[in-house]
Amino acid sequence: MPELPDVAGFARYLEKTVLHQTVSRTHVPDERILSGVTRRQLAARLKHRQLAATHRHGKYLLLELDDGAHLVLHFGMTGRLAAWRRDGADPDDIKVLWDLEDGWHLAYTCQRLLGEVGYARDRARFVSSQSLGPDALDPDLTEDRFLALMEGRRGTTKGLLMNQSVIAGLGNVYSDEILFQAGIRPGRKVDRLSAQERRELYRVLRRVLTTACERGDAVADQPDSWLIHRRDEDQECPRCGGTLRADTVIGRTSYWCPSCQD
DNA sequence: TTCCATGTTCCGCA
DNA sequence: TTGCGGAACATGGA
């Protein structure tokens, strides 16, 4: 599930629970989740460090420490965070567990091991090392800049939206939502979009993500008129009542309405 | 048993 | 060079 709005929700969750607390111990039951660090290195670098601030870039959550370095969290398809007090029950699928100095615990859980936990000294350097494009909600990502990103691209519009090195933060679900609300078929080639459609795509992208982040990360929190509630075979289009289609575009199941999207 | 899943990455090919 | 399809990764549910 975790796309930009979900990761934004994780960041808020950390702010409400364990932010500003200090790590006393890092336990890594399954080292396969680590990327670029060993469990010994991670434990040593986090020991006695305070969790100072949250940052998000696309689907990455960067938890800044009081020495300026960052704990890097990526959630894959099944990554989650859980924080609890002393005698709370442990969640399932814990891949990394942090004990904090005042009795709280923070767990990174991941059922399918497709996420990763890492460590990065410098945030900007990390973003460029991952070849990530601008965050989809970056205030500096203006309409003009977005239009420039689309220039010269020949693939599908859905492929563009999901390409993290072009724009960071969108996955399968939210790209379908944005394309639905913009009235553009997932398989439409970028170079066949009119100037008006390109501008509309930008506006809808920002509106959908802003709304989703404000409402919370649960699908049920999103407006009833959204496609997100109807990602299943033979569902009705929330706009025209027609039958939605499910096609494979750039290798992912894509839901769309043949009457509302062109 | 087989297929599918909201994540990324790599390879071969057009 | 860009982008696509397919496979791979690991696991569980329909």
Side-chain angles (χ1 to χ4, degrees), chain A residues 1-10 28-36 56-62 72-81 91-96 108-118 120 126-133 135-136 148-180 185-193 205 208-209 212-213 216-222 226-235 244 246-256:
Chain A
M1 180 219 295
E3 300 184 37
L4 188 153
D6 310 289
V7 179
F10 293 151
V28 185
D30 191 339
E31 200 169 21
R32 291 176 296 172
I33 202 70
L34 297 184
S35 170
R56 185 186 52 67
H57 191 106
K59 301 174 189 174
Y60 284 90
L61 181 54
L62 298 152
V72 177
L73 303 173
H74 190 277
F75 298 91
M77 282 162 66
T78 56
R80 303 284 184 275
L81 292 173
D92 291 335
D93 306 309
I94 293 180
K95 297 296 181 283
V96 186
Y108 171 94
T109 67
C110 195
Q111 189 185 57
R112 268 178 248 172
L113 275 176
L114 297 175
E116 61 185 52
V117 173
F126 172 78
V127 167
S128 66
S129 74
Q130 298 299 116
S131 308
L132 295 174
D135 181 86
L149 290 174
M150 302 181 80
E151 211 49 53
R153 303 227 152 236
R154 291 177 291 112
T156 60
T157 310
K158 174 150 178 168
L160 173 95
L161 294 180
M162 285 189 59
N163 187 338
Q164 302 299 301
S165 65
V166 178
I167 321 160
L170 298 174
N172 198 24
V173 170
Y174 279 94
S175 355
D176 277 2
E177 186 67 50
I178 290 161
L179 290 164
F180 172 70
R185 263 184 299 122
R188 265 291 276 295
K189 294 289 196 287
V190 173
D191 58 10
R192 306 296 295 273
L193 295 175
L205 179 148
V208 164
L209 293 178
C213 287
D217 44 23
V219 168
D221 294 333
Q222 307 311 327
W226 282 22
L227 181 75
I228 200 168
H229 306 291
R230 295 162 179 86
R231 301 183 62 78
D232 224 325
E233 291 294 325
D234 300 323
Q235 291 279 306
L244 296 175
D247 293 338
T248 298
V249 180
I250 57 153
R252 317 301 297 194
T253 306
S254 308
Y255 294 90
W256 65 289

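To find a chain, count down the sequence lines: A is the first, B the second, and so on, and within it residues start at 1.
Look at CG on A:Leu149: it is 16 Å from C1' on C:dG3, rounded to the nearest Å. Between the CG atom of A:Leu161 and the C1' atom of B:dG7 there is a distance of 17 Å, rounded to whole Å. In this structure, the CD atom of A:Glu3 is 14 Å from the P atom of B:dA5, given to the nearest Å. In this structure, CG of A:Leu160 is placed 13 Å from P of C:dT2, rounded to the nearest angstrom. Here the C1' atom of nucleotide C:dG3 and the CD atom of A:Glu151 are 17 Å apart, to the nearest Å. What separates CG of A:Asp176 from P of B:dT6 is a distance of 9 Å, to the nearest Å. The distance between atom NZ of A:Lys158 and atom P of C:dG5, rounded to the nearest whole Å, is 12 Å. In this structure, CG of A:Leu61 is placed 17 Å from P of B:dG7, rounded to the nearest angstrom.
For the pair A:Arg32 and A:Asp30, the salt-bridge criterion is met [side-chain N within less than 4.0 Å of a carboxylate O]. We find that A:Arg231 and A:Asp176 are joined by a salt bridge, their nearest charged nitrogen and carboxylate oxygen being less than 4.0 Å apart.
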| query | How far apart are the C-alpha atoms of A:Arg153 and A:Asp191, what are their side-chain angles, what is the distance that settles it, and do they pass the salt bridge (charged side-chain N to carboxylate O under 4.0 Å, His left out) test? | reply | CA-CA 6 Å; A:Arg153 303 227 152 236; A:Asp191 58 10; over 6 Å; no
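Between A:Leu170 and A:Leu205, the closest side-chain pair of non-hydrogen atoms falls below 4.5 Å. Taking 4.5 Å as the limit, every side-chain heavy atom of A:Glu116 sits out of range of all side-chain heavy atoms of A:Leu34.
Mapping A:Tyr60 and A:Asp6 onto DNA chain B via the closest heavy atom, the residue that lands nearer the 5' end is A:Asp6.
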Polar atom pairs between nucleotides 10-12 of chain C and protein, under 3.5 Å, N or O only, would you list them?
residue, atom, partner, partner atom, Å
C:dA10, O4', A:Arg112, O, 3.3
C:dT11, OP1, A:Arg32, NH2, 3.4
C:dT11, O2, A:Arg112, NE, 3.4

Table of protein N/O atoms under 3.5 Å from nucleotides 12-14 of chain B N/O atoms:
none

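Close placement of the A:Tyr60 and A:Phe126 rings is indicated, their centers lying within 6.0 Å of each other.
Nearest to the side-chain atoms of A:Val173 among the listed nucleotides B:dT6, B:dT8, C:dG5 stands B:dT6. In this structure, the nucleotide among B:dG7, C:dT2, B:dT6 sitting nearest to the side chain of A:Met162 is B:dG7.
Rounded to a whole angstrom, the distance from the P atom of C:dA7 to that of B:dT2 is 16 Å.
Distance alone, capped at 3.5 Å, is enough to place a donor-acceptor pair between the A:Glu177 side chain and the A:Leu227 backbone. Looking at A:Lys95, its side chain does come within 3.5 Å of a backbone N or O of A:Cys110 through a donor-acceptor pair. A:Tyr174 places no side-chain N or O within donor-acceptor distance of the main-chain N or O of A:Met162, the cut-off being under 3.5 Å. For A:Arg230 (side chain) and A:Asp232 (main-chain N/O), no donor-acceptor pair under 3.5 Å exists by modelled atom type. Judged purely by atom type and a 3.5 angstrom limit, A:Thr248 has no side-chain atom pairing as donor or acceptor with the backbone of A:Gly251. Between the A:Gln111 side chain and the A:Thr78 main chain, no donor and acceptor come within less than 3.5 Å of each other.
For DNA chain B, if you chain together Watson-Crick or G-U pairs that step i with j, i+1 with j-1 and so on, the runs of at least three with distances under 3.5 Å are B:2-5 with C:11-14, B:7-14 with C:2-9.
As judged by a 4.0 angstrom heavy-atom cut-off over every strand, A:Arg252 is placed among the base-contacting residues. Residue contacts for A:Thr78: at a heavy-atom cut-off of 4.0 Å it reaches no nucleic acid atom on any strand shown. At the heavy-atom level, A:Thr248 lies nowhere under 4.0 Å from the strands shown. Residue contacts for A:Glu116: at a heavy-atom cut-off of 4.0 Å it reaches no nucleic acid atom on any strand shown.
When the side-chain nitrogen and oxygen atoms of A:Lys59 are compared with OP1 and OP2 of B:dT8, one or more of them lie within a distance under 4.0 Å. Dashed line: the shortest gap from a side-chain N or O of A:Arg153 to OP1 or OP2 of C:dG3 is under 4.0 Å.
Inspection of the A:Lys158 and A:Ser254 side chains reveals an N or O donor paired with an N or O acceptor under 3.5 Å.
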